[in-house]
Amino acid sequence: MIRSRLTRIALALCSAATLFVPAWAQVDQDTLANESDGRNWAAWGRTFSEQRFSPLAQIDGTSVKRLGLAWTMELPEMWNVSTAPVAVDGVLYFAAGYSVVHAVDARTGQLLWKYDPKCDPRKMRMAWGSRGLSFWKGRIFVGVQDGRLVAIEARDGTLAWEVQTGEPGDKRYITGAPRVFNDKVLIGHGGADFGDVRGYVTAYDANTGKQAWRWYTVPGDPSKGFENPAMEMAAKTWKGDWWKHGAGGTVWNAMTYDPEFNRVYLGTGNGSPWNQSLRSPGGGDNLFLCSVVALDADTGEYVWHYQTTPGETWDFNSAMDMVLADLRLDGKPRKALLHAPKNGFFYVLDREDGKLISAEKIAKVTWAERVDLVTGRPVEVRGARFDGNEAMIWPGPGGAHNWQPMSYSPDTGLTYIPAREMAGYYDARGITRANWDPLKEGPLGVKAFFDDIPKEAGSSSLLAWNPVTQKEAWRVPTPGATGGGVLSTHGGLVFQGQADGRFVAHDADTGAELWSHDLGVGTQAPPITYELDGKQYVAVLAGWAGGQMLMGSLTAQHGWVGREHPRRLLVFALDARMPLPASAAPTQAVTPVDDPAFVVDAAKVRRGQWVYGEKCTICHGVAAVGGGSAPDLRASPVPLSAEGFASVVRDGALMARGMPPFAEIEDADLESIRHFLRERARYQPSAWDQIRSAAKFIWVMIKMKLASWGLMG
């Protein structure tokens, strides 16, 4: 009797498990090439096309008014949730913080399992966390910030295999989502902003983790020979001893697989250092920086490239998403690639041969007049290159479009872009090849920026762009200077999370706001949608963190503080009525703390601002004005104690809360940071300071205009 009862229980459990997670093996090449089935969202961009468009239409312009919160999952331990989940067969998977993978019941929000890859604390230095993961034949693939690529069994969260994609002691790290195709998983890395890094991508066997091929994005030391003819060709576009600086070109975000041509398109990043006069004295195009590069997906062999910013010197990444679309141009069908990199232009390329079809500005652009359609090259404005000088350039290093993904709707023929208007200030005065020391002055090759960034310095919008006519269809202002990633649907809607903590649905044809819901905190993460039991759901992760949060008052204006405000996964459905869990109101003012007995030493302040700029800015904000990603150190009591400060910064006392240890910082530099923070806590800008800053800005702009007229060198 007991054995019979146990048998029935075991059979029931097996049956329930089978019902809960059916047909994982269906997520394969055919699944990710299928644009018409919207039940799952199994990849970063849903399908190989990376359109971030769903054919689901249950939620449309009429029914969206009934959209409500179905469930939430609070993630208090995860410091960064700027990530996109995938949805497969009733389970949501996402990587948060240092690539901690969660599997969640997509109906209820119940946690099924969690896998922590235990990121190496020495690589816990970047503020971005994981942006996404991939699913393929029953496995989850995720990049870890310490450079590992990890394969996890989707059924139970156990490790299948892992491989280190970098080299011991290098500056490479991973934040982007892998791409999987042909039983291969492709991964790139970041790091070009932090030292001598040479970019590459690597393809691994999805079953075993064995390396299939690797392709470098920039040439190495010529004396050691070139890996392939493409590197030999690229080397002819460089000057000097570029390889000693790594050269950059990292593929830290965008990669797109094209099943029609069996190719992979890489979006490559900036040079290392940014300043070309240091990296490649004498100029040159510096291939394959800031380019779209097509490779054979099976072998990794070079096919073609298009460089959006030849000889880049402004941090104008082409690491933004590359979308595949079939367009009708001049009465003929074209296999097109749509690309909106940082530099402010929207490009339409022919996927077959990489030829430029068209390019137009989507934002204010002052570094180039236009793109010449005959040569495919930008027509640069004189004086835009800051070799030995200073320049104010639109867009700045944050770009007119950054990593937050755009979406293309084949229904409307429009591309929906989270766009930005913001200048960049580049100052290379006094910096030469002879005196530049990247260890003392930073690896970018331009002077560090120590001033706060005011909230008026930038703006953002949701832009609907027609890639056929290369014209704006509509534009809706969004709060602050950065908006979240975008989703469009067959229901005629465009969804986007905003910096002000609202989740908004717009009419895809007109941009009219049709619905919104409070998230309790701002977000950058792109939403997804999926279908279960005949019901459509929309999911988004919300939480204020990431590299976009370092811009002082510009990002602090929204009032979100990482540890005071929630990090959560929210899922919406028609006629759902769950109340939003309570959260703290935005913090609109920071009250600095101080010790009147602390005597500030001006020399230590000068040293402290350099050390802070190198080690602390990316999380704690420029000029020690916290942008919300991490605590504002002017208001923290920790730096008031030398012993307490050392235990946190150097010894890792708060590592569990997302604060990595900096064991290399010596006592003298710890003390200098403390003096810098006290000076910042006591600083009160005068009316004269504000006038002087405005005058400096205007003078730089006048010099730029005079240079463009040929009246100034």
Quiz item: Which pairs pass salt bridge (Lys or Arg N to Asp or Glu O under 4.0 Å) with one or both residues in residues 39-60, sequence neighbours excluded?
Solution: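 Output for this query lists Glu35-Arg46, Asp37-Arg39, Glu50-Arg179.
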Could you tell me whether the side chains of [X] and [Y] share a donor-acceptor contact shorter than 3.5 Å?
X      : Y      : result
Asp183 : Trp136 : yes
Glu531 : Gln536 : no
Ser461 : Arg475 : yes
Gln498 : Thr523 : no
His490 : Asp411 : yes
Trp252 : Asn317 : yes
Gln58  : Ser63  : no
Ser488 : Ser409 : no
Ser460 : Thr478 : yes

For residues [X] and [Y], report the shortest heavy-atom separation together with the two atoms involved.
X      : Y      : value
His339 : Asp321 : ND1-O, 3.5 Å
Gln145 : Tyr173 : O-CB, 3.0 Å
Val64  : Ala505 : CG2-CB, 4.0 Å
Trp560 : Gly520 : CZ3-O, 3.5 Å
Gly129 : Asn80  : N-ND2, 3.7 Å
Asn402 : Pro397 : ND2-O, 4.5 Å

Gln524 and Thr482: CA distance, side-chain angles, deciding distance, side-chain hydrogen bond (donor to acceptor under 3.5 Å, both in side chains) verdict: CA-CA 8 Å; Gln524 302 292 294; Thr482 182; 2.7 Å; yes
Find out whether the Lys NZ or Arg CZ of Arg567 is both under 6.0 angstrom from the six-membered ring centre of Trp79 and within 45° of the ring's axis.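 Output no; distance or angle outside limits.
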Sub-3.5 Å donor-acceptor pair from the side chain of [X] to the main-chain atoms of [Y], do we have one?
X      : Y      : answer
Asp105 : Val91  : no
His102 : Val100 : yes
Ser99  : Gly143 : yes
Trp474 : Ala512 : no
Arg577 : Leu69  : no
Trp71  : Arg107 : yes
Thr529 : Tyr537 : yes
Asp116 : Lys118 : yes
Gln557 : Leu554 : yes
Ser54  : Gly38  : no

Report the distance from atom [atom1] of [X] to atom [atom2] of [Y], rounding to the nearest 0.5 Å.
X      : Y      : atom1 : atom2 : result
Leu338 : Thr415 : CG    : OG1   : 5.0 Å
Ile152 : Asp156 : CD1   : CG    : 10.5 Å
Leu463 : Ile417 : CG    : CD1   : 4.5 Å
Met73  : Leu570 : CE    : CG    : 12.0 Å
Met322 : Met320 : CE    : CE    : 10.0 Å
Thr256 : Leu324 : OG1   : CG    : 5.5 Å

Heavy atoms, side chains only, cut-off 4.5 Å: are [X] and [Y] in contact?
X      : Y      : value
Pro117 : Tyr98  : no
Leu414 : Tyr408 : no
Val486 : Leu462 : yes
Arg420 : Lys342 : no
Ser36  : Pro55  : no

Considering residues, nucleotides and ligands other than His517, do more than 12 of their heavy atoms fall under 6.0 Å from its NE2?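 Enclosed: over 12 neighbouring heavy atoms sit under 6.0 Å from NE2 of His517.
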Checklist entry - So with a 6.0 Å cut-off around CD of Glu513, is the heavy-atom count from everything else above 12? => result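 Yes, enclosed.
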Before giving the answer on side chain to side chain contact (heavy atoms under 4.5 Å, CB included), spell out for Ser130 and Phe94 the whole-Å C-alpha distance, their side-chain angles and the decisive distance to 0.1 Å.
CA-CA 9 Å; Ser130 174; Phe94 63 92; over 6 Å; no
- Query: Are Arg66 and Asp575 close enough, and set up right, to give a salt bridge (charged side-chain N to carboxylate O under 4.0 Å, His left out), and what steps lead you there?
  - Reply: CA-CA 5 Å; Arg66 296 160 40 210; Asp575 302 318; 2.7 Å; yes
**Item:** Close aromatic pair by centroid cut-off 6.0 Å: Tyr93 and Phe135
**Value:**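 When the ring centroids of Tyr93 and Phe135 are compared, they turn out to be within the sub-6.0 Å range.
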ask   = Strictly under 6.0 Å, is that where the ring centroids of His558 and Trp544 end up?
value =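 Yes.
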### Task
Verify side chain to side chain contact (heavy atoms under 4.5 Å, CB included) between Leu149 and Glu162, making sure each step is shown before the conclusion.
CA-CA 6 Å; Leu149 177 66; Glu162 67 175 31; over 6 Å; no
key: Pair Ile59-Thr489, side chain to side chain contact (heavy atoms under 4.5 Å, CB included): steps then yes or no   = CA-CA 9 Å; Ile59 303 170; Thr489 74; over 6 Å; no
- Test Tyr257 against every option in Tyr265, Phe48, Trp44 by the ring pair (Phe, Tyr, Trp, His ring centres under 6.0 Å) rule and name the one that passes.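 Considering Tyr265, Phe48, Trp44, a ring pair (Phe, Tyr, Trp, His ring centres under 6.0 Å) with Tyr257 is found only for Phe48.
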Are the charged groups of Lys535 and Asp533 less than 4.0 angstrom apart, N to O?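 Salt bridge flag = no for Asp533 with Lys535.
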Item checked: Worked check of salt bridge (charged side-chain N to carboxylate O under 4.0 Å, His left out) between Asp500 and Arg502 -> CA-CA 6 Å; Asp500 64 351; Arg502 290 198 310 144; 3.6 Å; yes
Practice problem: Would you check, one step at a time, whether the test side chain to side chain contact (heavy atoms under 4.5 Å, CB included) holds for Tyr530 with Leu92? | Solution: CA-CA 10 Å; Tyr530 59 93; Leu92 286 174; 3.8 Å; yes
Point to revise | Residue pairs passing the ring-ring contact (aromatic ring centres under 6.0 Å, His included) test where at least one lies in residues 494-514, sequence neighbours excluded | key: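 As it turns out, the ring-ring contact (aromatic ring centres under 6.0 Å, His included) pairs with a partner in residues 494-514, which skip direct neighbours, are Phe495-Phe503, Phe503-Trp515, Phe503-Phe572.
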- Begin with the C-alpha distance, continue with both residues' side-chain angles, and end with the deciding distance and a verdict on side-chain hydrogen bond (donor to acceptor under 3.5 Å, both in side chains) for Ser407 and Gln51. CA-CA 5 Å; Ser407 175; Gln51 291 180 357; over 6 Å; no
